[in-house]
Enquirer: 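Dropping the structure in here first, questions after.
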Amino acid sequence: MARDLLDHKLLFVTGKGGVGKSTVAAALALLASQRGKRTLACEIDAKGNLSDFFESGPTDYEPREVQPNLYAMSMDTEASLQEYLRLQMRLPAIARIGPLARAFEFVATAAPGVREILTVGKPVWEVREGHYDLVVVDAVATGHIVSQLAAPQSINELVHVGLIRQQTGWLIDILGKKETTGLVIVTTPEEMPVNETIELAGRVEDETDVALKGIVVNRVLPELFGRGEEEVFEELRQPAAVGALDDSLGSPVEPVFEAARLAVTMRRTRAGHLDRLRTSIDSSIPLLYVPYLFMRAHGFRTTRQVAEALSAELSY
Amino acid sequence: MAPKRRKDDERATSLEHLLAAKEIAVVCGSGGVGKTTTAAAAAAMAAASLGGKVLVVTVDPARRLANALGLEGFGNKEKPVPPDAFKQAGVQPRGELWAAMLDTKESWDALIHMHAPDKETAKRILDNPLYQNVSGRFVQSHDYIAMERLYEIHTSGDYDLIVVDTPPTRNAIDFLEAPEHMADFFSSRFLRWLTAPARSRVINFASRPFYQVADRILGTQFLQDISEFFMNFQTMYDGFVERARAVDRLLHDRRTTFIVVSTLEHVPVREAEFFIEALDERKFHLGALVLNKVLPSYFRDEGATKVAERLCSDSPEVAHAAESLIANPDKAAPVLREVGESFLNFQVVAKREQEQRNELAKLPEVVATVPYFDSDIYDMGGLLDLGFQIWGRRD
Ligand SMILES: Nc1ncnc2c1ncn2[C@@H]1O[C@H](COP(=O)(O)OP(=O)(O)OP(=O)(O)O)[C@@H](O)[C@H]1O
Ligand SMILES: Nc1ncnc2c1ncn2[C@@H]1O[C@H](COP(=O)(O)OP(=O)(O)OP(=O)(O)O)[C@@H](O)[C@H]1O
Ligand SMILES: [Mg+2]
Ligand SMILES: [Mg+2]
């Protein structure tokens, strides 16, 4: 149920590049923190810019409180490897991580899941330790999320002994627990993002244990006209009416009408993609709509507005 | 035979001039900005108006676009775009348009077959469970394979112009560096250690604490699997490195140009800037910048703005003028107000786009702006519409 989205302990937010993953992840985290949950926003995308959405200065591996109740951190595989070795493998801190990191890079290049287990492992570990009520992960884009979420299984298949193998059990446990962990896909009502969303929903179901818990449709254009108004608009676009309006305005109305026509057709094309999304996704998965924000600049204000929109969507 | 192309050094002032003088155009940019669409549109225009045999190599086209290009199935093979596609768009092309899809897996397999010393080694590599992963995610393998495939097609000499679409990368310069990374990977110390004869490895092993750690974490068996795999891979070292260098030379060749695509949103623009800088530093030829999905310029028109503002503030009065001309006069005022508000909403975005445009510091000779189209682009007509926008002399 949509209502329960924030009652999970761990949410992964993914979607096609540029659709608004970071915005939505930041907004969900903000919303949870406003509702009194101690929340961690964790960015695991190397090129991330999650901190822009809180306008609170750069984030690093060490979580930092950016709003009351809201902590933010960004992934750093090397730091994660250090921590992992220390906490999970009980190896002493290695003074010179350099050579090990390079060897690790090399192995990770070839072996599925080795790198992913570090990036996914960190937020899951935070959940296991109960440090936060909710961890929201600004995850990688649709192309890579499956291999990330399925990393513990891949490791299990390839590595039969060794410490890493022993570590996959609790990861698989937490990731697969439906009340604990959920995936949120962000999309826009456009062709390619919708295609990728439908395809990803299928792959997540088939190839991972993580449950899809919601789809956020971001940047939904407003419906310009109410009932019967479009016919009126068409009438007003007739030459005689345009002439009369031009006279009354003292300036051509045509570009403004053209703009309205563009808005209407853009919305209509998108409605088609939305229909396709609705019919292709299991009807038990809630779709949450976030309007297109016509704003001058993007930053924490956007995050707050998107949080408000999501809050409204979550509360009925 | 194809008509003779201009090979002179005259500066290109339009995409038409640029593509007439080049043999390879690499289309790149941030995710979702329209790389695939632009590549297909540029190739279609080149085939239609420059003539010759033009190939577009696409990555992950939208299904309907793939259909429009006659690329229903998957696979690497180049196919002619049915001439009917042009006919339906009312265009008689001077040349031929061909299209191919990039299939990473298939290209990798072909590469293994090419570089492996013998059939058995090839088979051992292809069958290794690690290979699946390597061919899928190996050091920017997607990027590398795109460039590799380009090299192969170019060497075949079958085409007058090849337009290459690039995969969505996290980092646009990844694929410029892919050939280099590939060469580096094969020269890595760790690889040499892994593939060293077993006995000397044992000695090394004992003396290197981090391998002990690796062994404790991953287990000896897994390390052995890896080393066996790379042992086979090693046999292809020379072939790979040599090839990677040749690919790099081709990308630097004066017959190759880069077309950067961006929207005027903040993140793509920053990425485009970064990429333009990177091309420059690495001495690649930057041919054109395509600014795509830009809101029409009338959104910034002063007269139109005044009209929109009046529609918002006194729509009843304005509506009065037209009321006698329409069937449903009492609805005219709210409709006009909504039209005005919508205009001003989009104007906020249009102004922000203009600011982004003005901030672009370093620009190539050719800058083309493509408006936001009403609907998706999925047939030859749509591609040519977009193509006309980028083709001519402008800015
Ligand atoms: N509802 C909205 N209305 C208008 N603009 C939006 C909306 N949501 C997000 N944006 C803007 O779109 C841009 C891209 O958003 P964001 O960075 O969140 O996407 P992303 O999916 O995380 O991108 P990336 O793949 O680069 O990580 C930002 O400038 C953001 O402010
Ligand atoms: N000028 C335009 N107006 C409207 N829609 C456009 C325009 N250019 C491209 N599109 C649409 O935008 C979507 C994305 O375009 P395209 O697939 O070419 O982007 P891309 O950069 O190749 O994306 P990716 O990074 O995922 O490969 C497509 O649905 C396409 O139809
Ligand atoms: Mg992001
Ligand atoms: Mg593409």
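Protein chains get the first letters and strands the later ones, always in sequence-line order, with residue 1 at the start of each.
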Enquirer: Can you tell me which of A:Gly18, A:Pro255, A:Ala263, A:Gly228 forms the most heavy-atom pairs within a distance under 4.5 Å of chain B?
Expert: A:Pro255
Enquirer: Please rank A:Arg270, A:Arg268, A:Glu254, A:Glu258 by heavy-atom pairs under 4.5 Å with chain B and give me the top one.
Expert: A:Glu258
Enquirer: Take atom OH of B:Tyr378 as the centre, draw a 6.0 Å sphere, and report whether it contains more than 12 heavy atoms from other residues, nucleotides or ligands.
Expert: no
Enquirer: Would you say B:His320 and A:Ser248 make side-chain contact, with heavy atoms under 4.5 Å?
Expert: no
Enquirer: Just how far is it from atom CZ of B:Phe373 to atom OG1 of A:Thr265, taken to the nearest 0.5 Å?
Expert: 12.5 Å
Enquirer: For A:Arg261, is it the side chain, the backbone, both, or neither that has a heavy atom closer than 4.5 Å to a heavy atom of chain B?
Expert: side chain
Enquirer: Going from CG on A:Leu249 to NZ on B:Lys306, what distance comes out if it is rounded to the nearest 0.5 angstrom?
Expert: 12.5 Å
Enquirer: Considering only heavy atoms from C-beta outward, does the side chain of B:Val339 approach that of A:Phe225 to under 4.5 Å?
Expert: yes
Enquirer: Between B:Leu311, B:Thr263, B:Asn345, which shows the greatest number of heavy-atom pairs under 4.5 Å with chain A?
Expert: B:Asn345
Enquirer: Given the options B:Ala308, B:Pro334, B:Ala319, B:Ala327, which has more heavy-atom pairs under 4.5 Å with chain A than any of the others?
Expert: B:Ala327
Enquirer: Of the backbone (N, CA, C, O) and the side chain (C-beta and beyond), which part of A:Pro222 lies under 4.5 Å from a heavy atom of chain B, both, or neither?
Expert: neither
Enquirer: Over all heavy atoms of both residues, which pair between B:Ser342 and A:Leu224 is shortest? Give the atoms and the distance, please.
Expert: CB-CD1, 3.5 Å
Enquirer: Out of A:His273, A:Glu231, A:Lys16, A:Glu190, which one racks up the most heavy-atom pairs below 4.5 Å with chain B?
Expert: A:His273
Enquirer: When rounded to the nearest 0.5 angstrom, what is the spacing between CG in A:Asn49 and CZ in B:Arg270?
Expert: 12.5 Å
Enquirer: Is chain B contacted by the side chain of A:Met192, its backbone, both, or neither, given a heavy-atom distance below 4.5 Å?
Expert: side chain
Enquirer: Contact part of A:Arg267 toward chain B, heavy-atom cut-off under 4.5 Å: side chain, backbone, both or neither?
Expert: neither
Enquirer: Say you draw a straight line from OH of B:Tyr298 to CG of A:Leu262; how long is it, rounded to the nearest 0.5 Å?
Expert: 4.5 Å
Enquirer: For A:Thr269, which atoms come within 4.5 Å of any heavy atom of chain B: side chain, backbone, both, or neither?
Expert: side chain
Enquirer: Start with the C-alpha distance between B:Ile326 and A:Phe233, add both sets of side-chain angles, then the distance that settles side chain to side chain contact (heavy atoms under 4.5 Å, CB included), and finish with yes or no.
Expert: CA-CA 10 Å; B:Ile326 64 176; A:Phe233 177 59; over 6 Å; no
Enquirer: What heavy-atom pair brings B:Val307 and A:Pro252 nearest, and what distance separates the two atoms?
Expert: CG2-O, 3.6 Å
Enquirer: For A:Leu221, is it the side chain, the backbone, both, or neither that has a heavy atom closer than 4.5 Å to a heavy atom of chain B?
Expert: side chain
Enquirer: Measure B:Glu355 against the heavy atoms of chain A and call it side chain, backbone, both or neither at under 4.5 Å.
Expert: side chain
Enquirer: Under 4.5 Å heavy-atom distance to chain A, tell me which part of B:Glu323 shows up: side chain, backbone, both or neither.
Expert: neither
Enquirer: When rounded to the nearest 0.5 angstrom, what distance separates CD in B:Glu338 from CD in A:Glu223?
Expert: 10.0 Å
Enquirer: Starting from the C-alpha separation in whole Å, work towards a yes-or-no answer on side chain to side chain contact (heavy atoms under 4.5 Å, CB included) for B:Val349 and A:Tyr292.
Expert: CA-CA 11 Å; B:Val349 181; A:Tyr292 192 101; 3.8 Å; yes
Enquirer: At a heavy-atom separation under 4.5 Å, does A:Gln238 approach chain B through its side chain, its backbone, both, or neither?
Expert: neither
Enquirer: Hey, what do you get for CG (A:Leu236) to NZ (B:Lys331), rounding to the nearest 0.5 Å?
Expert: 12.0 Å
